[in-house]
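To keep things clear, I will list the structure first and then write my remarks on it.
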Amino acid sequence: MDELYFSNNFDDRSVQRGGNAGFQFDFHCQRCGDVWRSPFVAFQGEQASHLLNELGGFAGGILGRVGGVAEQFAQAGYGKAHDEALKEAIEKAKAHFQRCGRCTHYLCPRCWNEDKGLCLECAPDVRAEVAVARAGGEVSAASDLARQEGERLGKMQDVKTPYQLVCPKCKAKTTGGKFCPDCGAPLNVSRKCSCGADIPSGAKFCPECGAKSS
């Protein structure tokens, strides 16, 4: 068979045997993966021999033997018929794809920059790139503002008071409350005395000044 070009990005959908034997190929855009499928070309020799075999199954005798011989003859010519069908399909596929002179890939019309004569991978659409950059700038600026707002809210949080985030009795998550939301057990949350000292959980008096805890 002669050398073939544009033949490394297709799927062979051909059927070698049976009543639906024939040749068909899917060609892929090497950027987006979209498919152009070649027209179906019947493998007439195999289809005819299959019909004879089916008729021979009913009639038997010489008709069945003729069908068997015809099938052997058809299968012997399958390789050549397949190559010819592939060659024809490639020529038709070239009309549906452009070949990029930079990356040498074959591209569908949607992935082709007509103004630049290159694929969109090598020569991106300026308007699309501007839109992407603008969206990226919006996200970046919004993220900066959100970060600033988070810092403002963080400065308002009490970061000195310790919280028991897991109940020591039932192991439930407490979200920093004074009592467990699942079992009601008191949590180890320190309190402040009027003198400024920490009052341990369960203590009735301040360990520093002796004042009764509230």
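What you see below is based on every heavy atom in this structure, not just the backbone, and it leaves out hydrogens, waters and symmetry mates.
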| note | Scanning both residues in full, the closest heavy-atom pair of F27 with S38 reads CE1-CB, 4.5 Å
| task | Quick one: list whatever passes salt bridge (charged side-chain N to carboxylate O under 4.0 Å, His left out) with D34, sequence neighbours left out. | result | R110
| request: Output all residues satisfying side-chain hydrogen bond (donor to acceptor under 3.5 Å, both in side chains) with S14, sequence neighbours left out; order by chain, then residue number. | output: D12
| remark: Hits for salt bridge (charged side-chain N to carboxylate O under 4.0 Å, His left out) against R99, two or more places apart or cross-chain, chain-then-number order -> none
| said: List the residues meeting side chain to side chain contact (heavy atoms under 4.5 Å, CB included) with P39, not counting sequence neighbours, and say none if there are none. | reply: W36, K92
| request: Taking side chain to side chain contact (heavy atoms under 4.5 Å, CB included) as the test, write out the residues that go with D26, two or more places apart. | output: D11, R13, H28, V35, R37
| Excluding sequence neighbours, so at least two apart, what forms salt bridge (charged side-chain N to carboxylate O under 4.0 Å, His left out) with E208? | none
| remark: Across all chains, not counting sequence neighbours, the side-chain hydrogen bond (donor to acceptor under 3.5 Å, both in side chains) partners of R102 are none
| task | With sequence neighbours excluded, tell me which residues meet side-chain hydrogen bond (donor to acceptor under 3.5 Å, both in side chains) with K173. | result | none
| Verify same cluster id: Y78, L86 (apolar side-chain graph, 4.5 Å) | yes
Side-chain atoms of residues 111-121: list all donor-acceptor pairs with protein atoms under 3.5 Å, sequence neighbours left out, distances to 0.1 Å.
from	atom 1	to	atom 2	distance (Å)
N113	OD1	D115	N	3.2
N113	OD1	K116	N	3.2
N113	ND2	A123	O	2.8
E121	OE1	R31	NE	3.1

| field | Set of side-chain hydrogen bond (donor to acceptor under 3.5 Å, both in side chains) partners for Q16, sequence neighbours left out | value | Q75
| Side chain proximity check, C29 to Y106, heavy atoms < 4.5 angstrom | no
| How are the rings of F23 and F43 set to each other: parallel, tilted or perpendicular (split at 30° and 60°)? | tilted
| said: According to a hydrophobic-cluster definition based on side-chain heavy atoms being under 4.5 Å apart (Ile, Leu, Val, Met, Phe, Trp, Tyr only), do F10 and L107 belong together? | reply: no
Without placing hydrogens or testing angles, list every side-chain donor-acceptor pair under 3.5 Å for residues 140-154, not counting sequence neighbours.
from	atom 1	to	atom 2	distance (Å)
S143	OG	V139	O	2.8
D144	OD1	R147	NH1	2.9
E149	OE1	R152	NE	3.1
E149	OE2	R152	NE	3.4
E149	OE2	R152	NH2	2.6

| said: Taking H105's backbone N and O only, do any of them form a donor-acceptor pair with Q30's side chain (distance below 3.5 Å, no angle check)? | reply: no
| query | So which heavy atom on T174 is nearest to which on C167, and how close? | reply | CG2-N, 3.3 Å
| Which pairs count as side-chain hydrogen bond (donor to acceptor under 3.5 Å, both in side chains) when at least one residue sits in residues 125-137, sequence neighbours excluded? | none
| task | Could you please spell out the steps behind the salt bridge (Lys or Arg N to Asp or Glu O under 4.0 Å) verdict for E91 and K94? | result | CA-CA 5 Å; E91 290 304 314; K94 288 179 180 179; 3.4 Å; yes
